[in-house]
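The structure appears below as structure tokens.
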There are 2 protein chains.
Amino acid sequence: MNLKELATQLGLSPTTVSRALNGYPEVNEATRERVMAAAKRSNYRPNTRAIRLATGRALAVGHVIPIATRHEIVNPIFADFIAGAGETYSRNGYDMLLSVVADETEETTYRELKLRGAVDGVIVHSPRREDPRIALLNDIGLPFVVHGRASGSALPYNWVDVNNRRAFHRATEFLLDLGHLRIALINGLEYMDFALRRRSGYVDALAARGIAADARLMTSDQMTEVAGFQAAQAMLATADPPTAFLVASMISAMGVRRAIEAAGLVMGRDVSVIIHDDDLSYLKNGDAVPIFTATRSSVREAGRLVAEMLLDVIATAPTAPTHRLLEAELIIGQSTGPAPGRG
Amino acid sequence: MNLKELATQLGLSPTTVSRALNGYPEVNEATRERVMAAAKRSNYRPNTRAIRLATGRALAVGHVIPIATRHEIVNPIFADFIAGAGETYSRNGYDMLLSVVADETEETTYRELKLRGAVDGVIVHSPRREDPRIALLNDIGLPFVVHGRASGSALPYNWVDVNNRRAFHRATEFLLDLGHLRIALINGLEYMDFALRRRSGYVDALAARGIAADARLMTSDQMTEVAGFQAAQAMLATADPPTAFLVASMISAMGVRRAIEAAGLVMGRDVSVIIHDDDLSYLKNGDAVPIFTATRSSVREAGRLVAEMLLDVIATAPTAPTHRLLEAELIIGQSTGPAPGRG
DNA sequence: GAATCATCTCAAACCGCTTTGGATGCTTCA
DNA sequence: TGAAGCATCCAAAGCGGTTTGAGATGATTC
């Protein structure tokens, strides 16, 4: 069932039927209702391919997911982020196009998406410091919103980000208030922008209390259970071990907890831990009482917001860039307590 | 730059240029090379929208991700599965279309995808027993491949699945061989087909040694850390606690481990644990020596295979359905040991 | 009663590609 | 020598919508 059939069946021209269905004013209300009814009755759905060609719009948004070829890790927050964004697209009649590509072919992927006219805009994931994608997308003229920020970028751009700096600043202060003096940072990879900001929040909070950051208490690695375990184990084995850990993710923290327990210590009593909790649906931080004290910000909600911003950018093509800074909440769980000897 | 421009620029008709680029035989080799060169020079990419309309093919595959409205959990294996499938699509010039929908609107989503002509086929995720989607997709004539199986389905269908039954049968036998008699099953939700098969493997292996399954040692729930913790904690608190756990996922198992340690026991010594390991990129089961003894099967590889099968089905429209059964390997880690008192 | 106008509808062009059904010129073979 | 065959190329008709520009109709105004 296509427009033409529907039109002849109604004794109308395709033009009128099209206009009736798309809410144009120059069609009689009675006619419109007749058309609407017939469309519903015969279960008519306009062919997306035809609409796209005719209007020149893709009615689709691209998410390019680069997979680092060195360490083939998909970001664990990805599923929830996509779920959030997907809701927004569904509600607005947009399709979500996913491209999973090796990171060295990422640039050509964006260019092709544009040349082929496959999408109206894209979401930029996991921005790095001075991320080259910002200049690239500006250059090829593809609307985009960044999930996160890219410090040092010369050009303005749209973004939605968590205030990672403040979150880790607050978390560090919280540990300092509990009397911890040797606080370790188990950070994500520090070419990632969010990791840089978190470190700066941590370092600054220490500095504000006159404590110099100790390089031996800072690691930066993939946010996996194993990496968290190894980093924490190594630190706990030193002569002057940390009494608290600031950990970049729930998954890393599971490794940290394993190391703490392997060392015969008790988390929350001997060693405190604060994590950043992305509020992943499949990895909740406990229920009534959180397992980990955490800075929390829902990545799914971020997905929704990023998608909404992009659709808005596509629709209105604003000249000035839009920003949205989300604050993480600090929630108290069972993994923190006073520094040993201060109880 | 479109076909017509390129054609006039070359002094050829659009027909010839199209044929030259698409490898049709009725064009002079010299002409073809000239066209190819010009296309590359002017960075020509055919407009996907136009190709789609002209050929009637969507050149896209749909993944419909239902989000259960009761418990809004995205499947943690999803990211890796998508990554695997995405690689296949990229290699073959297909787009991947993701629809995140509330599960009660799943049926209409499939219907719309078909009516709108948005995809050439779909992947069915997380099949349940007698999954209605199989009849539905047959009915609306949308090619599909199921990741998993749907026991009790009257109709034949294409699938790629892990031999869950055998995996859990072997794992149970392995624990029995170690002298464990009270083996608990922390299963996924048992309206999911994979969970049913796992339980049947477990129950049958026990029965083969003359052990009747004990309902108090079997739970079926969402595969989250918290659910794993609660289930294990409750069982360990009984008068006749299990000495071993068979756990459906890495994430559940982290909760089980937490419960074991909270009970003052040591995993691998006092209590054994075997998990099913989907080999998620962001949640590796240790490195050289696995943390958990596990039945392992890469879900990313499964994603690749499912996607390949679907593209094949789309291309060749075979009459008989295709199947692919993957065997999980049993890998020995640090979480299993002889039953206490049998050391 | 003619001119004006608003309202409703339609024919046809267009989006950018594929594909059918020739057309053309050249070679081959009886 | 003429018909058949072959290698190349092209014009034009789709694909299924949207959109422009114009026509028909009936009501309103003067």
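Every chain is numbered from 1, with letters handed out A, B, ... down the list of sequences.
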(message) Which nucleotide wins on minimum distance to the side chain of A/Leu12, given the candidates D/dC10, D/dG16, C/dT9?
(response) C/dT9
(request) Whole angstrom is fine here: how far is it from CZ in A/Arg116 over to P in C/dG16? (result) 16 Å
(message) Need to verify one output field. Residue with the more 5' nearest nucleotide on DNA chain C, A/Ala50 or B/Pro14?
(response) A/Ala50
(request) Using a heavy-atom cut-off of under 4.0 Å over every strand shown, decide if A/Gly11 touches base, sugar-phosphate, or nothing. (result) sugar-phosphate
(message) Looking at A/Asp139 and A/Arg133, is any side-chain nitrogen of the basic one under 4.0 Å from a carboxylate oxygen of the acidic one?
(response) no
(request) May I have the distance from B/Met1 (atom CE) to C/dC17 (atom P), rounded to whole angstrom? (result) 10 Å
(message) Does D/dT18 have OP1 or OP2 under 4.0 Å away from a side-chain N or O of A/Asn22?
(response) yes
(message) With a cut-off of less than 4.0 Å, is there a side-chain N or O of A/Tyr24 near OP1 or OP2 of D/dT19?
(response) yes
(message) Rounded to the nearest 0.5 Å, what separates atom CD in B/Glu33 from atom CD in B/Glu29?
(response) 6.0 Å
(message) Does C/dT9 have its OP1 or OP2 closer than 4.0 Å to a side-chain nitrogen or oxygen of A/Thr31?
(response) yes
(request) Report yes if the side chains of A/Arg149 and A/Phe194 come closer than 4.5 Å at any heavy-atom pair, otherwise no. (result) no
(request) Could you please name the option among D/dG17, C/dT19, D/dC15 that lies closest to any side-chain atom of B/Arg19? (result) C/dT19
(request) Consider the side chain of A/Asn2, meaning its heavy atoms from C-beta on, and name the nucleotide among C/dG16, D/dG17, C/dT20 that approaches it most closely. (result) D/dG17
(message) Is there a side-chain contact between B/Thr16 and the phosphate of D/dC10, meaning an N or O under 4.0 Å from OP1 or OP2?
(response) yes
(message) Please report the distance, rounded to the nearest Å, between CZ in A/Arg57 and C1' in C/dG16.
(response) 18 Å
(message) Whole angstroms only, please: what is the CG-P distance between A/Leu53 and D/dT19?
(response) 12 Å
(message) Output the rounded distance in Å from CZ (A/Arg34) to C1' (C/dT9).
(response) 12 Å
(request) Give a yes or no on whether a donor-acceptor pair under 3.5 Å exists between the nucleobase atoms of D/dT19, that is its base, and the side chain of A/Thr55. (result) no
(message) Counting only side-chain nitrogens and oxygens, does A/Thr15 get under 4.0 Å of the OP1 or OP2 atom of C/dC10?
(response) no
(message) Return whichever of B/Glu26 or B/Arg45 has its heavy-atom-nearest nucleotide of DNA chain C closer to the 5' end.
(response) B/Arg45
(request) Using atom CZ of B/Arg49 as one end and atom C1' of D/dG17 as the other, report the distance to the nearest whole Å. (result) 13 Å
(request) Output yes when A/Glu308 and A/Arg91 qualify as a salt bridge under the 4.0 Å nitrogen-oxygen rule, no when they do not. (result) yes
(message) Would you say B/Asn28 places a side-chain N or O within less than 4.0 Å of OP1 or OP2 belonging to D/dT8?
(response) yes
(message) Regarding A/Arg52 and A/Asp95, does a basic nitrogen lie under 4.0 Å from an acidic carboxylate oxygen?
(response) yes
(message) Using a heavy-atom cut-off of 4.0 Å across all strands, would you classify B/Ile51 as base, sugar-phosphate, or nothing?
(response) sugar-phosphate
(message) For a quick check under 3.5 Å, do A/Thr16 and A/Ser13 share a side-chain donor-acceptor pair by atom type?
(response) yes
(request) Send over the distance from A/Lys4 NZ to D/dC15 P, rounded to a whole Å. (result) 6 Å
(request) Establish, with yes or no, whether the OP1 or OP2 oxygen of C/dC17 is under 4.0 angstrom from a side-chain nitrogen or oxygen of B/Ser18. (result) no
(message) Distance check needed: D/dG17 C1' versus A/Leu3 CG, whole Å only.
(response) 6 Å
